[in-house]
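Quick note: numbers below take in every heavy atom, side chains included, and nothing from hydrogens, waters or symmetry partners.
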Amino acid sequence: MADHKTYMAEAVAIAQANIAEGGTPYGAVIVRDGHVVARAANTVHLTKDATDHAEMVAIHEASRILGRKDLSDCVMYASGRPCPMCHAAMRLAGFKRGFFAFSAEEAQEYGVGSADLYGELCRPLAEQPMRLEQIRPEGPSPYPDWKARKSG
């Protein structure tokens, strides 16, 4: 069984290889019970999809392979600190543990990180650079129907 350093070295190697292929320096490895379930690089440069970060691609692959959305028995190894989107996706997938090699601040020094996003998202909505406002339509919320269907 490999250890944390081995999995992290693999995530960093994926990131390094991705640079050579024209991508950004991000790689991720998801491990379950001492076995690699999924490996991924950031594929935004290939798909032109801003959400195709290494962690997101790895989560999609692990969920497909395991046939479930609950990845609470898995561990994420990421070459860089997961951005807020990836961090939230990890939480939504149930991860209880994750590791990263390089900080968002270090990445930002080289023009590839998103360190400023962490602070921006902590501000009230009206103070964030992207305006996000609630427009509530007439009629009921869909949430009671969802709860009733789930409970029924």
Side-chain angles (χ1 to χ4, degrees), residues 1-125 127-135 142-143 146-147 149-150:
M1 179 152 110
D3 62 6
H4 295 306
K5 289 183 179 183
T6 302
Y7 298 129
M8 187 58 69
E10 185 171 354
V12 172
I14 292 168
Q16 195 68 43
N18 202 41
I19 295 168
E21 296 173 10
T24 54
Y26 294 105
V29 176
I30 295 177
V31 177
R32 179 178 173 258
D33 295 331
H35 300 285
V36 174
V37 176
R39 299 170 173 87
N42 180 306
T43 57
V44 171
H45 65 292
L46 299 173
T47 65
K48 310 302 184 228
D49 181 338
T51 67
D52 279 349
H53 292 194
E55 299 91 339
M56 299 291 282
V57 176
I59 289 169
H60 292 156
E61 183 67 5
S63 295
R64 186 188 65 75
I65 288 168
L66 296 174
R68 56 190 164 92
K69 65 179 181 175
D70 179 4
L71 302 179
S72 60
D73 57 347
C74 297
V75 178
M76 174 73 76
Y77 295 87
S79 62
R81 180 179 173 188
C83 74
M85 173 186 69
C86 294
H87 188 138
M90 290 167 62
R91 293 284 309 273
L92 290 169
F95 280 87
K96 293 182 175 38
R97 197 152 192 210
F99 300 92
F100 64 91
F102 305 102
S103 73
E105 292 78 14
E106 182 177 1
Q108 191 157 309
E109 284 179 37
Y110 293 94
V112 72
S114 55
D116 291 342
L117 279 174
Y118 301 97
E120 289 173 2
L121 292 172
C122 291
R123 294 184 202 156
L125 287 177
E127 295 176 20
Q128 293 182 20
M130 182 190 84
R131 294 293 179 231
L132 183 62
E133 301 174 41
Q134 182 178 16
I135 299 175
Y143 303 129
W146 177 84
K147 184 175 181 182
R149 184 169 184 228
K150 185 177 174 200

- Task: Take Val36 and Tyr7 through the side-chain contact (heavy atoms from CB on, under 4.5 Å) test and state the conclusion after the steps.
- Result: CA-CA 8 Å; Val36 174; Tyr7 298 129; 3.9 Å; yes

- Test log, rule side-chain contact (heavy atoms from CB on, under 4.5 Å), inputs Tyr26 and Asn18: CA-CA 7 Å; Tyr26 294 105; Asn18 202 41; 5.8 Å; no

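- Of all heavy-atom pairs between Arg123 and Pro129, the closest is NH1-CD, 4.2 Å.
- The two atoms that bring Ala89 and Met56 nearest to each other are CB-SD, 3.3 Å, heavy atoms only.
- In this structure, the separation between CE on Met76 and CD1 on Ile59 is 4.0 Å, given to the nearest 0.5 Å.
- Other residues, nucleotides and ligands contribute at most 12 non-hydrogen atoms within 6.0 Å of the CZ atom of Arg149.
- We find that Arg97 and Asp73 are not joined by a salt bridge, their nearest charged nitrogen and carboxylate oxygen being 4.0 Å or further apart.
- When every heavy atom of Leu121 is checked against every heavy atom of Gln128, the shortest pair comes out as O-NE2, 3.5 Å.
- Here the CE atom belonging to Met85 is positioned 10.0 Å from the CG atom belonging to Leu117, to the nearest 0.5 angstrom.
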- Task: Could you walk me through whether Val29 and Ile14 pass the side-chain contact (heavy atoms from CB on, under 4.5 Å) test, one step at a time?
- Result: CA-CA 9 Å; Val29 176; Ile14 292 168; 3.9 Å; yes

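- Between Tyr77 and His4, the angle of the ring planes lies from 30° to 60°, which puts this pair in the tilted group.
- Smallest separation of non-hydrogen atoms from Ala38 and Ala58: CB-O, 3.6 Å.
- Contact of the Pro142 side chain with the Lys147 side chain is not registered, since no non-hydrogen atoms from C-beta on lie closer than 4.5 Å.
- Within the model, atoms OG1 of Thr24 and CD1 of Ile19 stand 8.0 Å from one another, a figure rounded to the nearest 0.5 Å.
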- Query: Between Ile30 and Val75, is a side-chain contact (heavy atoms from CB on, under 4.5 Å) present by the stated rule, with each step listed?
  - Reply: CA-CA 6 Å; Ile30 295 177; Val75 178; over 6 Å; no

- Task: For salt bridge (charged side-chain N to carboxylate O under 4.0 Å, His left out), just list the numbers for Glu61 and Arg64, CA-CA rounded to whole Å, side-chain angles, deciding distance to a tenth of an Å, and then say yes or no.
- Result: CA-CA 5 Å; Glu61 183 67 5; Arg64 186 188 65 75; 2.6 Å; yes

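- In terms of heavy-atom proximity, Glu55 sits nearest to Pro82 at OE2-CA, 3.5 Å.
- Counting heavy-atom neighbours within 6.0 Å of Arg68 CZ, excluding the residue itself, gives a total above 12.
- For the atom pair Phe100 CZ and Ser79 OG, the distance stands at 11.0 Å (nearest 0.5 Å).
- Here NZ of Lys69 is found 10.0 Å from OG of Ser63. Values are rounded to the nearest 0.5 Å.
- Considering every non-hydrogen atom in both Ser114 and Pro84, the closest pair reads OG-CD, 4.4 Å.
- The 12-atom threshold is not exceeded at CD of Gln16, counting heavy atoms of other residues, nucleotides or ligands nearer than 6.0 Å.
- Atoms SG and CG, on Cys74 and Asp33 in that order, are 8.0 Å from each other to the nearest 0.5 Å.
- A heavy-atom distance below 4.5 Å is found between the side chains of His53 and Val44.
- Stacking of Arg81 on the aromatic ring of Tyr118 is recorded, both the 6.0 Å distance cut-off and the 45° axial limit being met.
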